[in-house]
Amino acid sequence: MKCYTQVYVMNSLEAVETYCRAFGAEVTFAMKTPDGSAYEHCELSVNGDPILAAAEAAEPYDIAAIHRMKLQTMTFNAFELGSEEAVKNALAVLREGGLVLEELHSLPWSSCCATVIDRYGVCWWISI
């Protein structure tokens, strides 16, 4: 069995570009809406391994409220990024228009990690 997560976001075309930049991912499968304005389904992979699927949210939601309340209904754990530079890059990309909950720090189980809610309202814990 394989299992990976899917996010439903507003501005899915932009979000997928952001996640590709943040994690060095590439789109390996994509289906856009008939008018090409959004993803109905999109799969991202790193080194050939699927990491995330994305699609346009069916209903709009209030990202400002998510940031204001520091709402974490689910956190995506992006770990084993390989280096401190990879974590710093991911944080730099994901914090653009987002809200950093925890700046870069160390924990007993990770020498470099951070938590951020991105501009699409998705919470990420990123780590070496």
Short side-chain to backbone donor-acceptor contact, Asn11 and Glu14, under 3.5 Å: no
Can you check whether Ile128 reaches Glu84 side chain to side chain, under 4.5 Å on heavy atoms? yes
Using residues 67-77 as the side-chain source, report each donor-acceptor pair under 3.5 Å to any protein atom, sequence neighbours left out, with the distance given to one decimal.
from, atom 1, to, atom 2, distance (Å)
His67, NE2, Asp118, O, 2.9

Are Trp124 and Tyr19 close enough that their ring centres sit under 6.0 Å apart? yes
Return the minimal non-hydrogen interatomic distance between Phe23 and Ala78, and the atom names on each side. CE2-CB, 3.7 Å
Any ion pair linking Glu17 and Arg21 (charged N to carboxylate O, less than 4.0 Å)? no
Any salt bridge linking Arg95 with Glu103? Criterion: basic side-chain nitrogen under 4.0 Å from a carboxylate oxygen. yes
Under the ring-ring contact (aromatic ring centres under 6.0 Å, His included) test, which residues partner Tyr61, sequence neighbours left out? none
Check: residues 38-47 side-chain donor-acceptor pairs under 3.5 Å, at least two apart:
from, atom 1, to, atom 2, distance (Å)
His41, NE2, Glu43, OE2, 2.9
Ser45, OG, Thr28, OG1, 3.1

I'd like to know whether Tyr120 forms a side chain to side chain donor-acceptor pair (under 3.5 Å) with Ser12, so could you lay out the CA-CA distance, the side-chain angles of the two residues, the decisive distance to 0.1 Å, and finally the verdict. CA-CA 9 Å; Tyr120 311 102; Ser12 58; over 6 Å; no
Give a yes or no on whether Val122 and Leu101 share a hydrophobic cluster (residues Ile, Leu, Val, Met, Phe, Trp, Tyr; joining criterion: side-chain heavy atoms under 4.5 Å apart). yes
Leu104 and Lys88, any side-chain heavy atoms less than 4.5 Å apart: yes
Got a sec, which residues hit side-chain hydrogen bond (donor to acceptor under 3.5 Å, both in side chains) with Asp49, two or more places apart in sequence or on another chain? none
Output yes when a side-chain donor or acceptor of Ser110 lies under 3.5 Å from a complementary backbone atom of Ser106, and no otherwise. no
Val16 versus Ala54, closest heavy-atom pair with distance: CG2-CB, 3.9 Å
Checking Tyr8 now: which residues fulfil ring-ring contact (aromatic ring centres under 6.0 Å, His included) with it, not counting sequence neighbours? none
Ignoring hydrogens, what is the shortest heavy-atom contact between Ala86 and Leu81? Give both atom names and the distance. CB-O, 3.5 Å
With Thr5 via side-chain hydrogen bond (donor to acceptor under 3.5 Å, both in side chains) - residues at least two apart: none
Closest non-hydrogen contact found for Gln6 with Ala55 is NE2-CB, 3.5 Å
